There are 2 protein chains.
Amino acid sequence: MQAKDPKPARTSPPIPATPGKATLADVARVAGVSTITASRALGNPTIVAERTRLKVQQAVSQTGYVPNLLAGGLKSSRSRVIACLVPTISSGSSFMLAVQSLTETLAAAGYQVMLGQRGYQQDTENALIDAVVSRRVDGIVLMGAIRSAPMRRRLQAIGIPVVEAWDKTRTPVDMLVGFSHEAAGAAMANYVHRKGYRQAAMIVASEPRSALRARGFAKAAARHGHTGIPAAQIDAPTRLRHGRAGTAELLALHPKLDVIFCASDLVALGAITELKQRGLRVPEDVAVLGFGDLDFAVDIDPALTTVQIDSVEIGRRSADMLMEKLAGKPVAEPVVDLGFSIIERDSG
Amino acid sequence: MQAKDPKPARTSPPIPATPGKATLADVARVAGVSTITASRALGNPTIVAERTRLKVQQAVSQTGYVPNLLAGGLKSSRSRVIACLVPTISSGSSFMLAVQSLTETLAAAGYQVMLGQRGYQQDTENALIDAVVSRRVDGIVLMGAIRSAPMRRRLQAIGIPVVEAWDKTRTPVDMLVGFSHEAAGAAMANYVHRKGYRQAAMIVASEPRSALRARGFAKAAARHGHTGIPAAQIDAPTRLRHGRAGTAELLALHPKLDVIFCASDLVALGAITELKQRGLRVPEDVAVLGFGDLDFAVDIDPALTTVQIDSVEIGRRSADMLMEKLAGKPVAEPVVDLGFSIIERDSG
DNA sequence: TTGTAGGCGTTATCAT
DNA sequence: ATGATAACGCCTACAA
């Protein structure tokens, strides 16, 4: 009953010896149908006879067949993989929450996520783009905008759908979902003014978005008559210890400051830790303002006043936009400003 | 001078109009060599003449060629992609640090990481395995062991290299790099005994590893004559607020407890927050012990006594083992116990 | 409803 | 050192 097999006959029963290596042709042989019928039974079950479908189904479980999306993708040039490129895979960053919702939303639609770390150097980034493009990802989500013009041109030339997330820029490569970091900084400065603080200071991370917020803060503060806002510079990604060190530095130079706008919630927690240890009260002596509204912000003592970003929504919208575009639909709103809100709690 | 092109002639000069769409055949044509020579010049430069290599190089930049690893992978059955399956993509988890070093190590060797979220349900996990296997990943790194026997059999049947990370189990699917959570729990119980605490309690997360540590702790405590260690149950992934809630619960039921072993550093931070807010001193009134030695552990107040795990090494070793195996070498040490250490600081 | 032929872009195999 | 040819596994035509 065995069909002649042109392959260098190994054991050659219809059921391949090496599981996971079965091909659609194997399934078809076992089911007694042609390859294309097996293909249809799997991918378009409505157009094959019920009996055929069942035979194929059974052959699939018998052979342990797992489709090869590489082969399918070669023909259709759709890999059903989306690249997600983050500045750094660090815990404590609100990026990861967006990555999570992105992954979940995409998984529900049959897409997988290829993760890449952009790093802070141009070289790495170029190589990373090469790496994902050569794997024919169907789209790219960039956490953080593209700032270099050559890179922007390059991505445009490649022609893959791209979503830039987190930053709102005037020159998106393709699609964008984010908010204005400068506006967020300005909003915090206005809040500080409204609350009547007199000596503001900042802890700023060496990362474009933090710098933008600092700039927005300084500009708005200037409008209220406060110029020369002192700033402590820290490294990115931000850590609790940077908050402590930055606070110590600011306190030494400006003993009379009464509020600190921090680069992140983690930094804010560090600031609070440092202040409390020095016997200063938060917010009575020095107020602390965070950024991100991470999970823990509401539960620390005092509860953190911070800028809330809807990371989950950023991830979901990025996925949705990408999938709209991949479905060939015109993307209703290719540039989305999700905004932010200041959550007033107890720390300032 | 134009070769006849069988394709539906668009503009059809040797340099394709659509960048990123050039194929190896285009490159070969421009360079005036055969496709296979172009392939070799790129993938195996040592075996072609220097002059040829240069011509091909130039043709590549002229055409904007980006290799199609899908096509190459179809033939060579090597996708140069590794799946990394984590329980959950959450910030405060030490998994992400391992994911980071895994990604970096693999990237340096030309591999990309496909990220997947296992979730806490079997269904999801099965579908996830399907998703990555059908994309023909070269290997799988599982953060957290496989506990279900059918799943273990399934992975073994598929025959892809698998690394289970974080847990040490007696029945690894393939390779493993981790440590014994039960031993870590026991070590903490011994530490507690050595330090002379009398009334220990635990905050335990609904997640197998935390449960294992709790078991190890309870067993070792029993050996020192302490039975019935009270435990507060919290959800996974762990959060700061769970630490507060768990502490409140324990305090209500066991007002005389003098040390709490927490499911994670984040939970420990929550415990400290709660205790301090109630006017209790750490460690004088109640000591707090963490798990993970996350980045912030050393910088909180009081500095956290905790179990240190070398997450970075877990990621790196996972990558190394996988690459050894993929290179066809026998893996020197397919099961690695990386151990842990208790870092004594100020919290207990 | 089912089948046949051909091709997606690359690399393995076997020549030259 | 370089080429011609044939797969790799699937799916889109087009037939039957």
Side-chain angles (χ1 to χ4, degrees), chain A residues 3 5-8 16 18 20-56 59-60 63-80 133-136 138, chain B residues 5-8 16 18 20-56 59-60 63-81 110 133-136 138 328:
Chain A
D5 198 319
K7 289 176 198 165
T18 33
K21 297 290 180 197
T23 100
L24 195 54
D26 294 322
V27 173
R29 203 178 316 128
V30 172
V33 297
S34 74
T35 328
I36 186 63
T37 302
S39 168
R40 287 198 268 249
L42 264 31
N44 205 350
T46 50
I47 67 162
V48 311
E50 181 62 10
R51 249 188 84 249
T52 317
R53 201 183 60 73
L54 285 170
K55 276 193 299 184
V56 173
V60 165
T63 52
Y65 170 71
V66 180
N68 185 337
L69 261 45
L70 259 47
L74 181 55
K75 182 76 202 174
S76 60
S77 29
R78 309 188 76 247
S79 58
R80 301 203 141 251
V133 168
S134 64
R135 280 161 181 100
R136 294 300 188 263
D138 290 341
Chain B
D5 198 319
K7 292 176 199 167
T18 34
K21 295 292 177 193
T23 97
L24 194 53
D26 294 324
V27 172
R29 204 177 318 130
V30 172
V33 298
S34 74
T35 329
I36 186 65
T37 302
S39 169
R40 287 198 271 249
L42 264 30
N44 206 348
T46 49
I47 68 163
V48 310
E50 182 62 9
R51 250 188 83 248
T52 316
R53 203 183 59 72
L54 285 170
K55 276 193 298 185
V56 173
V60 165
T63 53
Y65 170 71
V66 180
N68 185 338
L69 260 45
L70 258 47
L74 181 56
K75 180 68 200 174
S76 61
S77 36
R78 310 187 75 247
S79 60
R80 301 202 139 249
V81 174
V133 169
S134 64
R135 279 159 182 101
R136 293 299 186 265
D138 290 342

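Below, read A as the first sequence line, B as the second, and so on, with proteins coming before strands; counting in each chain starts at 1. If you're wondering where the values come from, they're calculated on a predicted model, not measured in any experiment.
A:Asn44 places its CG atom 12 Å from the C1' atom of D:dC11, with the value rounded to the nearest Å. Protein atom CZ of B:Arg135 is 19 Å distant from nucleotide atom C1' of D:dC8, rounded to whole Å. What separates CG of A:Leu70 from P of C:dT10 is a distance of 13 Å, to the nearest Å. A:Arg53 places its CZ atom 12 Å from the P atom of C:dT2, with the value rounded to the nearest Å. Atom CZ in A:Arg29 sits about 13 Å away from atom C1' in D:dG9, given to the nearest Å. Atoms CG (A:Asn68) and P (D:dG9) sit 7 Å apart, rounded to a whole Å. With rounding to whole Å, B:Arg136 atom CZ is found 20 Å from C:dT10 atom P. A:Leu74 has its CG atom 13 Å from the C1' atom of D:dT12, to the nearest Å.
Looking only at side-chain heavy atoms (C-beta outward), A:Arg136 and B:Val66 come within less than 4.5 Å of each other. At a threshold of 4.5 Å between non-hydrogen side-chain atoms, the residues B:Val33 and B:Lys55 count as touching. Between A:Thr23 and A:Thr63, the closest side-chain pair of non-hydrogen atoms is not below 4.5 Å.
Comparing the end axes of the helix from C:dT1-D:dA16 to C:dT16-D:dA1, each fitted to five base pairs by superposing C1' atoms of four pairs onto the next four, gives an inter-axis angle of 30° (nearest 10 degrees).
Under the side chain to side chain contact (heavy atoms under 4.5 Å, CB included) criterion, B:Leu74 pairs with A:Asn68, A:Ala71, A:Leu74, sequence neighbours left out. Remark: B:Val48 engages B:Arg40, B:Ala41, B:Arg53 in a side chain to side chain contact (heavy atoms under 4.5 Å, CB included) (not counting sequence neighbours). Contacts of B:Ser34 classified as side chain to side chain contact (heavy atoms under 4.5 Å, CB included), with partners at least two apart in sequence or in another chain: B:Ile36, B:Thr37. In this structure, the side chain to side chain donor-acceptor pair (under 3.5 Å) partners of B:Ser79, at least two apart in sequence or on a different chain, are B:Asp138.
Taking both residues in full, the closest heavy atoms of A:Leu42 and A:Leu24 are given as CD2-CD1, 3.9 Å, listed atom of the first, atom of the second, then distance.
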Reading nucleotides 1-7 of chain D 5' to 3', which nucleotides get B (base under 4.0 Å from a protein heavy atom), which S (sugar-phosphate only), which -? SBBB--B
Trace of the side chain to side chain contact (heavy atoms under 4.5 Å, CB included) decision for B:Tyr65 with B:Asp26: CA-CA 8 Å; B:Tyr65 170 71; B:Asp26 294 324; over 6 Å; no
